[in-house]
Amino acid sequence: MKNVIKSVKGTRDFYPDEMAKRQWLIRKLAEASQAYGYQMYDGPCLETIDLYAAKSGEELVKEQAFVFNDRGGDPITLRPELTPTLTRMVASRQNQLTFPLRWWSFGPFWRYERPQKGRTREFFQWNIDQIGSDSVQADAEILAVAAAFLKNVGLSPDQVKLFVNDRRLMDAQLSKIGIRAEQKPAVLHLIDRIDKLPEDIWDEKMLAEGLSEAQLKAIRALLENCDLWRESDQMQTLFSLLELLEVSEYVSYDPKIIRGLDYYTGTVFEAHATNGEFRAILGGGHYANLVADVGGMPLPGVGFAMGDVVIMLVLEAYGLIPEELADPETLFVTVFSEETLGDSLRLASQLRQAGFKVIQAEPEKLAKQFKYADRLGLSKALVLGPDEIANGKVVVKDLRTFEQFNIERESLISHLRRKD
RNA sequence: GUGCCUGUAGCUCAAUGGCAGAGUGCUUCACUGUGGAUGAAGAUGUUGAGGGUUCGACCCCCUCCAGGCACCCCA
(Lines give C-alpha, C1' and ligand atoms only; values in the text may rest on other atoms or scores of the structure.)
Protein backbone atom coordinates (compact mmCIF):
# COMPACT_ATOMS: atom_id res chain seq x y z
CA MET A 1 0.00 0.00 0.00
CA LYS A 2 2.00 2.86 -1.29
CA ASN A 3 1.17 6.52 -1.32
CA VAL A 4 -2.43 6.14 -0.19
CA ILE A 5 -3.36 9.39 1.53
CA LYS A 6 -4.02 8.64 5.17
CA SER A 7 -7.29 9.19 6.91
CA VAL A 8 -7.54 11.63 9.79
CA LYS A 9 -6.33 10.22 13.10
CA GLY A 10 -9.04 8.64 15.16
CA THR A 11 -11.55 8.40 12.30
CA ARG A 12 -12.90 5.19 10.82
CA ASP A 13 -13.85 4.15 7.31
CA PHE A 14 -17.15 2.34 7.09
CA TYR A 15 -16.87 -0.20 4.29
CA PRO A 16 -20.18 -1.82 3.31
CA ASP A 17 -19.71 -4.57 5.94
CA GLU A 18 -19.22 -2.06 8.73
CA MET A 19 -21.92 0.20 7.38
CA ALA A 20 -24.35 -2.71 7.47
CA LYS A 21 -23.49 -3.18 11.13
CA ARG A 22 -24.01 0.49 11.86
CA GLN A 23 -27.38 0.42 10.15
CA TRP A 24 -28.30 -2.62 12.18
CA LEU A 25 -27.33 -0.83 15.40
CA ILE A 26 -29.39 2.20 14.42
CA ARG A 27 -32.38 -0.01 13.73
CA LYS A 28 -32.07 -1.64 17.14
CA LEU A 29 -31.85 1.59 19.10
CA ALA A 30 -34.58 3.18 17.00
CA GLU A 31 -36.85 0.29 17.90
CA ALA A 32 -36.15 0.73 21.61
CA SER A 33 -36.67 4.50 21.37
CA GLN A 34 -39.87 4.27 19.37
CA ALA A 35 -41.36 1.57 21.56
CA TYR A 36 -41.61 4.21 24.28
CA GLY A 37 -42.89 6.89 21.93
CA TYR A 38 -39.68 8.87 21.51
CA GLN A 39 -39.34 11.04 18.40
CA MET A 40 -36.18 11.42 16.36
CA TYR A 41 -34.50 14.80 16.03
CA ASP A 42 -31.08 16.21 15.20
CA GLY A 43 -29.16 19.45 15.37
CA PRO A 44 -26.21 20.79 13.41
CA CYS A 45 -22.77 19.24 13.68
CA LEU A 46 -21.26 22.73 13.79
CA GLU A 47 -21.97 24.98 16.75
CA THR A 48 -20.59 28.22 18.13
CA ILE A 49 -18.23 27.76 21.01
CA ASP A 50 -20.50 29.97 23.14
CA LEU A 51 -23.05 27.19 23.32
CA TYR A 52 -20.64 25.05 25.28
CA ALA A 53 -19.32 27.85 27.44
CA ALA A 54 -22.52 27.68 29.47
CA LYS A 55 -22.05 24.23 30.94
CA SER A 56 -21.06 20.75 29.87
CA GLY A 57 -17.81 20.29 31.75
CA GLU A 58 -15.04 22.78 31.25
CA GLU A 59 -12.49 20.27 30.01
CA LEU A 60 -14.78 18.79 27.40
CA VAL A 61 -14.76 22.03 25.46
CA LYS A 62 -11.42 23.55 26.35
CA GLU A 63 -9.31 20.45 25.91
CA GLN A 64 -11.34 18.01 23.87
CA ALA A 65 -13.36 19.87 21.29
CA PHE A 66 -12.32 20.51 17.71
CA VAL A 67 -12.40 24.29 17.41
CA PHE A 68 -11.45 26.28 14.33
CA ASN A 69 -12.16 29.64 12.79
CA ASP A 70 -14.52 29.97 9.87
CA ARG A 71 -13.56 32.24 6.98
CA GLY A 72 -15.01 35.19 8.76
CA GLY A 73 -12.76 34.48 11.71
CA ASP A 74 -15.48 33.28 14.09
CA PRO A 75 -14.71 30.22 16.24
CA ILE A 76 -16.66 27.12 15.28
CA THR A 77 -16.90 23.89 17.26
CA LEU A 78 -17.50 20.39 15.96
CA ARG A 79 -20.07 19.24 18.49
CA PRO A 80 -18.49 17.08 21.23
CA GLU A 81 -21.91 16.21 22.68
CA LEU A 82 -25.55 16.84 21.93
CA THR A 83 -27.04 18.03 25.21
CA PRO A 84 -26.20 21.75 24.75
CA THR A 85 -27.73 21.64 21.26
CA LEU A 86 -30.79 19.93 22.65
CA THR A 87 -31.22 22.50 25.38
CA ARG A 88 -30.86 25.33 22.89
CA MET A 89 -33.46 23.77 20.63
CA VAL A 90 -35.82 23.34 23.55
CA ALA A 91 -35.19 26.80 24.97
CA SER A 92 -35.81 28.58 21.68
CA ARG A 93 -39.22 26.94 21.19
CA GLN A 94 -40.12 26.46 24.79
CA ASN A 95 -43.60 27.88 24.38
CA GLN A 96 -44.52 25.82 21.33
CA LEU A 97 -43.40 22.39 22.45
CA THR A 98 -45.53 19.84 24.26
CA PHE A 99 -43.96 18.60 27.46
CA PRO A 100 -42.74 16.21 28.55
CA LEU A 101 -40.67 15.90 25.41
CA ARG A 102 -39.54 12.44 24.39
CA TRP A 103 -36.71 12.86 21.87
CA TRP A 104 -33.90 10.70 20.56
CA SER A 105 -31.07 11.20 18.11
CA PHE A 106 -28.18 9.39 16.44
CA GLY A 107 -25.30 11.15 14.79
CA PRO A 108 -21.59 11.92 14.64
CA PHE A 109 -19.58 13.68 17.35
CA TRP A 110 -15.94 14.70 17.65
CA ARG A 111 -13.53 14.89 20.51
CA TYR A 112 -9.87 15.71 20.21
CA GLU A 113 -8.55 12.88 22.33
CA ARG A 114 -5.89 10.24 22.17
CA PRO A 115 -7.55 7.31 20.38
CA GLN A 116 -7.48 3.89 21.97
CA LYS A 117 -9.73 0.90 22.26
CA GLY A 118 -13.32 2.01 22.65
CA ARG A 119 -12.44 5.63 22.00
CA THR A 120 -12.03 7.42 18.69
CA ARG A 121 -11.95 11.07 17.67
CA GLU A 122 -15.00 10.74 15.50
CA PHE A 123 -17.78 8.58 16.85
CA PHE A 124 -21.52 8.13 16.65
CA GLN A 125 -23.78 8.56 19.59
CA TRP A 126 -27.31 7.67 20.52
CA ASN A 127 -28.86 10.38 22.66
CA ILE A 128 -32.23 10.03 24.28
CA ASP A 129 -33.92 12.40 26.69
CA GLN A 130 -37.19 13.06 28.37
CA ILE A 131 -37.49 16.75 29.15
CA GLY A 132 -40.08 18.48 31.24
CA SER A 133 -40.80 15.86 33.83
CA ASP A 134 -39.19 15.77 37.24
CA SER A 135 -40.72 12.47 38.30
CA VAL A 136 -39.02 9.26 39.28
CA GLN A 137 -41.23 7.64 36.67
CA ALA A 138 -39.38 9.54 33.95
CA ASP A 139 -36.06 8.24 35.30
CA ALA A 140 -37.45 4.71 35.37
CA GLU A 141 -38.73 5.02 31.83
CA ILE A 142 -35.37 6.14 30.46
CA LEU A 143 -33.72 3.21 32.21
CA ALA A 144 -36.37 0.95 30.72
CA VAL A 145 -35.52 2.22 27.22
CA ALA A 146 -31.86 1.43 27.86
CA ALA A 147 -32.77 -2.03 29.12
CA ALA A 148 -35.07 -2.59 26.14
CA PHE A 149 -32.21 -1.78 23.82
CA LEU A 150 -29.79 -4.13 25.59
CA LYS A 151 -32.37 -6.88 25.44
CA ASN A 152 -33.16 -6.09 21.80
CA VAL A 153 -29.54 -6.60 20.71
CA GLY A 154 -29.40 -9.87 22.61
CA LEU A 155 -27.33 -8.90 25.64
CA SER A 156 -28.42 -10.78 28.74
CA PRO A 157 -28.56 -9.36 32.28
CA ASP A 158 -25.63 -11.66 33.05
CA GLN A 159 -23.54 -9.93 30.42
CA VAL A 160 -24.52 -6.30 30.87
CA LYS A 161 -26.08 -4.27 33.64
CA LEU A 162 -27.27 -0.76 34.28
CA PHE A 163 -25.72 0.49 37.50
CA VAL A 164 -27.73 3.19 39.22
CA ASN A 165 -27.15 5.70 41.98
CA ASP A 166 -28.60 9.01 43.14
CA ARG A 167 -26.52 12.12 43.63
CA ARG A 168 -28.90 13.47 46.29
CA LEU A 169 -28.48 10.27 48.28
CA MET A 170 -24.72 10.46 48.04
CA ASP A 171 -24.74 14.12 48.94
CA ALA A 172 -26.80 13.43 52.04
CA GLN A 173 -24.58 10.54 53.04
CA LEU A 174 -21.44 12.64 52.67
CA SER A 175 -23.01 15.35 54.81
CA LYS A 176 -23.76 12.74 57.45
CA ILE A 177 -20.10 11.80 57.52
CA GLY A 178 -19.25 15.45 57.95
CA ILE A 179 -17.84 16.19 54.51
CA ARG A 180 -18.05 19.94 53.92
CA ALA A 181 -19.79 21.30 50.84
CA GLU A 182 -16.57 22.58 49.29
CA GLN A 183 -14.95 19.17 49.71
CA LYS A 184 -17.76 17.30 48.03
CA PRO A 185 -16.95 17.80 44.34
CA ALA A 186 -13.43 16.43 44.76
CA VAL A 187 -14.62 13.59 46.98
CA LEU A 188 -17.37 12.62 44.54
CA HIS A 189 -14.87 12.71 41.72
CA LEU A 190 -12.61 10.33 43.62
CA ILE A 191 -15.52 8.01 44.41
CA ASP A 192 -16.20 7.92 40.68
CA ARG A 193 -12.62 6.74 40.11
CA ILE A 194 -12.21 4.30 42.97
CA ASP A 195 -12.05 1.26 40.69
CA LYS A 196 -9.31 2.86 38.60
CA LEU A 197 -6.88 3.82 41.31
CA PRO A 198 -4.84 1.52 43.56
CA GLU A 199 -6.19 1.39 47.11
CA ASP A 200 -3.31 3.21 48.81
CA ILE A 201 -3.17 5.98 46.23
CA TRP A 202 -6.91 6.48 46.47
CA ASP A 203 -6.67 6.76 50.26
CA GLU A 204 -3.83 9.21 49.87
CA LYS A 205 -5.82 11.42 47.54
CA MET A 206 -8.84 11.34 49.82
CA LEU A 207 -6.76 12.37 52.81
CA ALA A 208 -5.21 15.11 50.70
CA GLU A 209 -8.71 16.57 50.37
CA GLY A 210 -8.68 17.11 54.12
CA LEU A 211 -10.63 14.05 55.22
CA SER A 212 -9.96 12.33 58.52
CA GLU A 213 -9.11 8.65 58.75
CA ALA A 214 -12.53 8.06 60.27
CA GLN A 215 -14.27 9.81 57.38
CA LEU A 216 -12.23 7.81 54.90
CA LYS A 217 -13.27 4.61 56.60
CA ALA A 218 -16.89 5.71 56.64
CA ILE A 219 -16.81 6.43 52.91
CA ARG A 220 -15.24 3.09 52.16
CA ALA A 221 -18.02 1.44 54.14
CA LEU A 222 -20.56 3.51 52.24
CA LEU A 223 -19.23 2.30 48.90
CA GLU A 224 -19.48 -1.33 50.00
CA ASN A 225 -23.10 -0.90 50.98
CA CYS A 226 -25.23 -2.21 48.15
CA ASP A 227 -28.38 -1.61 50.21
CA LEU A 228 -27.70 2.08 50.54
CA TRP A 229 -30.52 2.79 48.09
CA ARG A 230 -33.04 1.75 50.75
CA GLU A 231 -32.30 5.00 52.54
CA SER A 232 -33.62 7.04 49.63
CA ASP A 233 -37.34 7.36 48.94
CA GLN A 234 -36.64 8.15 45.32
CA MET A 235 -34.44 5.09 44.86
CA GLN A 236 -37.05 2.88 46.48
CA THR A 237 -39.70 4.24 44.16
CA LEU A 238 -37.36 3.86 41.21
CA PHE A 239 -36.67 0.22 41.87
CA SER A 240 -40.32 -0.61 42.38
CA LEU A 241 -41.17 1.12 39.09
CA LEU A 242 -38.42 -0.81 37.33
CA GLU A 243 -40.01 -3.96 38.69
CA LEU A 244 -43.36 -2.97 37.20
CA LEU A 245 -41.70 -2.08 33.89
CA GLU A 246 -40.22 -5.61 33.93
CA VAL A 247 -36.65 -4.48 33.45
CA SER A 248 -35.28 -4.78 36.98
CA GLU A 249 -33.11 -7.76 36.05
CA TYR A 250 -31.02 -5.35 33.99
CA VAL A 251 -30.59 -2.82 36.80
CA SER A 252 -28.41 -2.91 39.90
CA TYR A 253 -27.65 -0.38 42.58
CA ASP A 254 -24.04 0.76 42.79
CA PRO A 255 -22.96 3.49 45.25
CA LYS A 256 -19.80 4.10 43.22
CA ILE A 257 -21.66 5.54 40.22
CA ILE A 258 -21.31 9.32 40.25
CA ARG A 259 -20.74 10.48 36.63
CA GLY A 260 -18.30 13.16 35.63
CA LEU A 261 -20.61 15.79 34.18
CA ASP A 262 -21.66 18.25 36.83
CA TYR A 263 -25.13 18.96 35.50
CA TYR A 264 -26.57 15.74 36.87
CA THR A 265 -28.55 16.39 40.03
CA GLY A 266 -30.46 13.21 40.82
CA THR A 267 -30.49 9.71 39.42
CA VAL A 268 -27.26 8.79 37.63
CA PHE A 269 -26.46 5.56 35.81
CA GLU A 270 -24.01 3.73 33.58
CA ALA A 271 -24.22 0.47 31.64
CA HIS A 272 -21.22 -1.82 31.94
CA ALA A 273 -20.29 -5.31 30.85
CA THR A 274 -20.50 -7.32 34.06
CA ASN A 275 -17.04 -8.81 33.51
CA GLY A 276 -15.62 -5.30 33.83
CA GLU A 277 -13.75 -5.66 30.58
CA PHE A 278 -14.98 -2.63 28.67
CA ARG A 279 -15.50 1.06 29.13
CA ALA A 280 -18.95 2.30 30.04
CA ILE A 281 -21.41 1.36 27.30
CA LEU A 282 -23.75 4.23 28.05
CA GLY A 283 -24.14 6.85 30.73
CA GLY A 284 -26.70 9.38 31.80
CA GLY A 285 -28.86 10.78 34.54
CA HIS A 286 -31.33 13.30 35.77
CA TYR A 287 -30.68 17.03 35.50
CA ALA A 288 -32.70 19.74 37.22
CA ASN A 289 -32.31 22.85 35.13
CA LEU A 290 -30.22 22.46 32.02
CA VAL A 291 -32.47 24.54 29.83
CA ALA A 292 -32.17 27.55 32.12
CA ASP A 293 -28.44 27.62 31.48
CA VAL A 294 -28.91 28.64 27.85
CA GLY A 295 -31.51 31.25 28.63
CA GLY A 296 -34.77 29.32 28.86
CA MET A 297 -37.19 28.72 31.69
CA PRO A 298 -36.00 26.04 34.11
CA LEU A 299 -36.90 22.57 32.88
CA PRO A 300 -35.86 19.25 34.39
CA GLY A 301 -34.99 16.22 32.34
CA VAL A 302 -33.42 12.81 32.23
CA GLY A 303 -31.45 11.13 29.49
CA PHE A 304 -28.40 9.20 28.46
CA ALA A 305 -25.88 8.87 25.65
CA MET A 306 -24.40 5.74 24.13
CA GLY A 307 -21.39 5.77 21.83
CA ASP A 308 -21.22 3.33 18.94
CA VAL A 309 -17.67 2.18 19.63
CA VAL A 310 -17.92 0.42 22.99
CA ILE A 311 -21.30 -1.18 22.38
CA MET A 312 -20.05 -2.66 19.10
CA LEU A 313 -16.95 -4.02 20.85
CA VAL A 314 -19.16 -5.64 23.48
CA LEU A 315 -21.56 -7.05 20.89
CA GLU A 316 -18.63 -8.33 18.84
CA ALA A 317 -17.15 -10.00 21.92
CA TYR A 318 -20.42 -11.81 22.63
CA GLY A 319 -20.95 -12.72 18.97
CA LEU A 320 -24.23 -10.83 18.76
CA ILE A 321 -23.70 -8.95 15.52
CA PRO A 322 -25.44 -10.81 12.70
CA GLU A 323 -23.49 -11.58 9.56
CA GLU A 324 -25.34 -9.66 6.92
CA LEU A 325 -22.80 -8.89 4.25
CA ALA A 326 -25.27 -7.95 1.60
CA ASP A 327 -28.97 -7.78 1.24
CA PRO A 328 -29.79 -11.44 0.48
CA GLU A 329 -33.02 -10.35 -1.14
CA THR A 330 -31.12 -8.92 -4.07
CA LEU A 331 -31.51 -11.10 -7.16
CA PHE A 332 -28.64 -11.94 -9.46
CA VAL A 333 -29.26 -12.17 -13.19
CA THR A 334 -26.56 -14.05 -15.08
CA VAL A 335 -25.67 -13.65 -18.74
CA PHE A 336 -25.04 -16.68 -20.89
CA SER A 337 -23.25 -14.94 -23.74
CA GLU A 338 -22.95 -11.68 -25.61
CA GLU A 339 -25.84 -12.81 -27.83
CA THR A 340 -28.24 -13.28 -24.95
CA LEU A 341 -27.24 -10.15 -23.04
CA GLY A 342 -30.35 -8.34 -24.30
CA ASP A 343 -32.62 -11.04 -22.88
CA SER A 344 -30.92 -10.83 -19.49
CA LEU A 345 -31.11 -7.05 -19.40
CA ARG A 346 -34.81 -7.19 -20.28
CA LEU A 347 -35.46 -9.73 -17.54
CA ALA A 348 -33.61 -7.63 -14.98
CA SER A 349 -35.54 -4.57 -16.02
CA GLN A 350 -38.89 -6.36 -15.65
CA LEU A 351 -37.91 -7.58 -12.19
CA ARG A 352 -36.89 -4.11 -11.09
CA GLN A 353 -40.19 -2.70 -12.29
CA ALA A 354 -41.89 -5.40 -10.24
CA GLY A 355 -40.08 -4.06 -7.20
CA PHE A 356 -37.16 -6.47 -6.90
CA LYS A 357 -33.56 -5.46 -6.28
CA VAL A 358 -31.45 -6.86 -9.11
CA ILE A 359 -27.76 -7.09 -9.86
CA GLN A 360 -26.95 -7.64 -13.51
CA ALA A 361 -23.89 -9.73 -14.39
CA GLU A 362 -21.70 -9.11 -17.39
CA PRO A 363 -21.07 -11.78 -20.03
CA GLU A 364 -18.16 -13.92 -18.84
CA LYS A 365 -17.76 -17.51 -17.72
CA LEU A 366 -20.78 -18.60 -15.72
CA ALA A 367 -18.47 -19.98 -13.05
CA LYS A 368 -17.14 -16.50 -12.44
CA GLN A 369 -20.59 -15.03 -12.36
CA PHE A 370 -21.74 -17.49 -9.71
CA LYS A 371 -18.62 -17.02 -7.67
CA TYR A 372 -19.20 -13.29 -7.69
CA ALA A 373 -22.81 -13.68 -6.57
CA ASP A 374 -21.73 -16.11 -3.87
CA ARG A 375 -19.20 -13.67 -2.47
CA LEU A 376 -21.72 -10.90 -2.37
CA GLY A 377 -23.79 -13.16 -0.13
CA LEU A 378 -26.74 -13.23 -2.51
CA SER A 379 -29.19 -16.07 -2.18
CA LYS A 380 -30.86 -16.29 -5.56
CA ALA A 381 -29.60 -16.29 -9.15
CA LEU A 382 -31.48 -16.46 -12.45
CA VAL A 383 -30.06 -18.18 -15.51
CA LEU A 384 -31.25 -17.36 -19.00
CA GLY A 385 -29.51 -19.56 -21.56
CA PRO A 386 -30.40 -20.35 -25.17
CA ASP A 387 -32.60 -23.29 -24.12
CA GLU A 388 -34.60 -21.22 -21.65
CA ILE A 389 -34.96 -18.35 -24.08
CA ALA A 390 -36.23 -20.73 -26.77
CA ASN A 391 -38.78 -22.31 -24.39
CA GLY A 392 -39.88 -19.15 -22.61
CA LYS A 393 -38.45 -20.35 -19.34
CA VAL A 394 -35.89 -19.24 -16.79
CA VAL A 395 -33.75 -21.14 -14.30
CA VAL A 396 -34.07 -20.12 -10.66
CA LYS A 397 -31.08 -21.19 -8.62
CA ASP A 398 -30.85 -21.05 -4.84
CA LEU A 399 -27.27 -20.10 -4.09
CA ARG A 400 -27.46 -21.42 -0.55
CA THR A 401 -28.81 -24.91 -1.24
CA PHE A 402 -27.41 -25.29 -4.79
CA GLU A 403 -30.87 -26.34 -5.92
CA GLN A 404 -32.22 -25.09 -9.21
CA PHE A 405 -35.27 -25.58 -11.36
CA ASN A 406 -36.98 -24.36 -14.52
CA ILE A 407 -39.97 -22.12 -14.37
CA GLU A 408 -42.23 -20.47 -16.94
CA ARG A 409 -41.11 -16.94 -17.57
CA GLU A 410 -44.66 -15.61 -16.97
CA SER A 411 -44.93 -17.16 -13.52
CA LEU A 412 -41.44 -16.11 -12.38
CA ILE A 413 -42.45 -12.89 -10.65
CA SER A 414 -45.36 -14.41 -8.78
CA HIS A 415 -43.13 -17.31 -7.76
CA LEU A 416 -40.46 -14.97 -6.40
CA ARG A 417 -43.07 -12.97 -4.54
CA ARG A 418 -44.61 -16.07 -3.02
CA LYS A 419 -41.25 -17.05 -1.57
CA ASP A 420 -41.22 -13.87 0.51
C1' G B 1 -1.83 16.48 27.10
C1' U B 2 1.68 12.49 30.16
C1' G B 3 4.10 7.52 30.47
C1' C B 4 4.89 2.61 28.29
C1' C B 5 4.34 -1.14 24.18
C1' U B 6 3.68 -2.22 18.96
C1' G B 7 4.05 -1.45 13.36
C1' U B 8 6.80 -7.14 7.94
C1' A B 9 2.07 -9.55 1.64
C1' G B 10 -5.25 -8.08 1.65
C1' C B 11 -5.41 -10.88 6.78
C1' U B 12 -2.66 -13.75 10.89
C1' C B 13 2.32 -13.98 11.88
C1' A B 14 7.97 -15.89 11.03
C1' A B 15 12.95 -14.05 9.92
C1' U B 16 17.68 -10.57 15.97
C1' G B 17 23.04 -7.40 11.76
C1' G B 18 24.20 -11.18 6.10
C1' C B 19 19.62 -13.23 -0.60
C1' A B 20 12.32 -11.03 3.12
C1' G B 21 9.31 -16.23 4.29
C1' A B 22 4.90 -19.44 5.83
C1' G B 23 -0.33 -20.16 6.48
C1' U B 24 -4.67 -18.10 4.70
C1' G B 25 -6.76 -15.17 1.06
C1' C B 26 -6.22 -13.60 -4.21
C1' U B 27 -5.60 -14.69 -9.89
C1' U B 28 -5.56 -18.52 -13.67
C1' C B 29 -6.32 -23.54 -15.03
C1' A B 30 -8.25 -28.87 -14.45
C1' C B 31 -14.32 -27.62 -15.08
C1' U B 32 -15.90 -24.16 -22.96
C1' G B 33 -24.46 -24.28 -19.12
C1' U B 34 -23.04 -23.24 -12.81
C1' G B 35 -20.03 -20.64 -7.05
C1' G B 36 -19.13 -24.62 -1.25
C1' A B 37 -14.42 -29.33 -1.96
C1' U B 38 -9.76 -31.13 -4.29
C1' G B 39 -5.34 -30.65 -7.24
C1' A B 40 -1.79 -27.70 -10.21
C1' A B 41 0.44 -23.16 -11.60
C1' G B 42 1.02 -17.88 -10.63
C1' A B 43 1.12 -12.86 -8.61
C1' U B 44 1.73 -9.90 -4.35
C1' G B 45 6.05 -6.02 -0.25
C1' U B 46 9.82 1.28 -0.84
C1' U B 47 9.49 -4.38 6.14
C1' G B 48 4.45 2.55 8.66
C1' A B 49 7.48 7.34 6.84
C1' G B 50 12.05 10.09 6.99
C1' G B 51 16.99 10.42 8.67
C1' G B 52 21.44 8.22 11.23
C1' U B 53 25.19 4.18 12.64
C1' U B 54 27.43 0.09 9.62
C1' C B 55 31.06 -3.05 4.38
C1' G B 56 25.90 -4.49 5.04
C1' A B 57 19.68 -2.69 8.74
C1' C B 58 13.03 -5.76 9.19
C1' C B 59 16.67 -5.99 13.31
C1' C B 60 20.61 -0.87 16.55
C1' C B 61 19.85 4.91 17.33
C1' C B 62 16.83 9.63 16.45
C1' U B 63 12.40 12.17 14.64
C1' C B 64 7.58 11.82 12.78
C1' C B 65 2.93 9.07 11.69
C1' A B 66 -0.56 5.37 13.13
C1' G B 67 -2.52 1.68 16.53
C1' G B 68 -2.74 -0.46 21.56
C1' C B 69 -2.37 -0.18 27.29
C1' A B 70 -2.50 2.98 31.68
C1' C B 71 -3.41 8.13 33.30
C1' C B 72 -6.48 12.47 32.13
C1' C B 73 -11.43 12.75 30.39
C1' C B 74 -15.53 10.46 28.76
C1' A B 75 -19.65 7.68 24.67
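To find a chain, count down the sequence lines: A is the first, B the second, and so on, and within it residues start at 1. These numbers were taken from a predicted model, which means no experiment stands behind them.
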Under the criterion side chain to side chain donor-acceptor pair (under 3.5 Å), which of A/His272, A/Glu270, A/Gln116 is the partner of A/Arg279? A/Gln116
Starting from [atom2] on [N], measure out to [atom1] on [X] and report it in whole angstrom.
X        : N      : atom1 : atom2 : answer
A/Lys117 : B/rC4  : NZ    : C1'   : 18 Å
A/Gln125 : B/rC74 : CD    : P     : 13 Å
A/Arg121 : B/rG67 : CZ    : C1'   : 12 Å

Determine, answering yes or no, if A/Phe123 is stacked on B/rA75 under the 5.5 Å centre rule and the 30° plane rule. yes
In whole Å, what separates the [atom1] atom of [N] from that of [M]?
N      : M      : atom1 : value
B/rA70 : B/rU53 : P     : 39 Å
B/rC61 : B/rA22 : C1'   : 31 Å
B/rC4  : B/rU16 : P     : 27 Å
B/rU2  : B/rG18 : P     : 36 Å

Aromatic A/Phe123 / basic A/Arg111 pairing, under 6.0 angstrom, 45° off normal: no
The correct set of residues in residues 277-284 of chain A placing a heavy atom under 4.0 Å from RNA chain B is A/Ala280, A/Ile281, A/Leu282, A/Gly283
Are there more than 12 heavy atoms of other residues, nucleotides or ligands under 6.0 Å from atom CZ of A/Phe99?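 It does: A/Phe99 CZ has more than 12 such atoms within range.
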Would you classify A/Thr83 as touching base, sugar-phosphate or nothing, given that sugar-phosphate means primed atoms plus P, OP1 and OP2, and contacts are heavy atoms under 4.0 Å? nothing
Proximity of A/Phe66 and A/Trp110 rings by center, below 6.0 Å: no
Decide if the gap between the ring center of A/His286 and the ring center of A/Tyr263 is smaller than 6.0 angstrom. no
For B/rA70 and A/Gln116 - does any side-chain N or O of the residue sit under 4.0 Å from the phosphate oxygens OP1/OP2?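 It does, given that an N or O in the side chain of A/Gln116 lies less than 4.0 Å from OP1 or OP2 of B/rA70.
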Candidate nucleotides B/rG1, B/rC74, B/rA75, ranked by approach to the side chain of A/Arg114 - the nearest: B/rG1
Quiz item: [X] side-chain donor-acceptor pair to [N] base, under 3.5 Å:
X        : N      : result
A/Arg111 : B/rA75 : yes
A/Glu113 : B/rA75 : yes
A/Arg259 : B/rC74 : no

Using every non-hydrogen atom in the two residues, find where A/Val358 and A/Ala348 come nearest and quote the distance to one decimal. CG1-CB, 3.7 Å
Protein-proximity profile, nucleotides 25-39 of chain B, B/S/- by nucleotide at the 4.0 Å heavy-atom cutoff, equals -SSSS---BBBB---
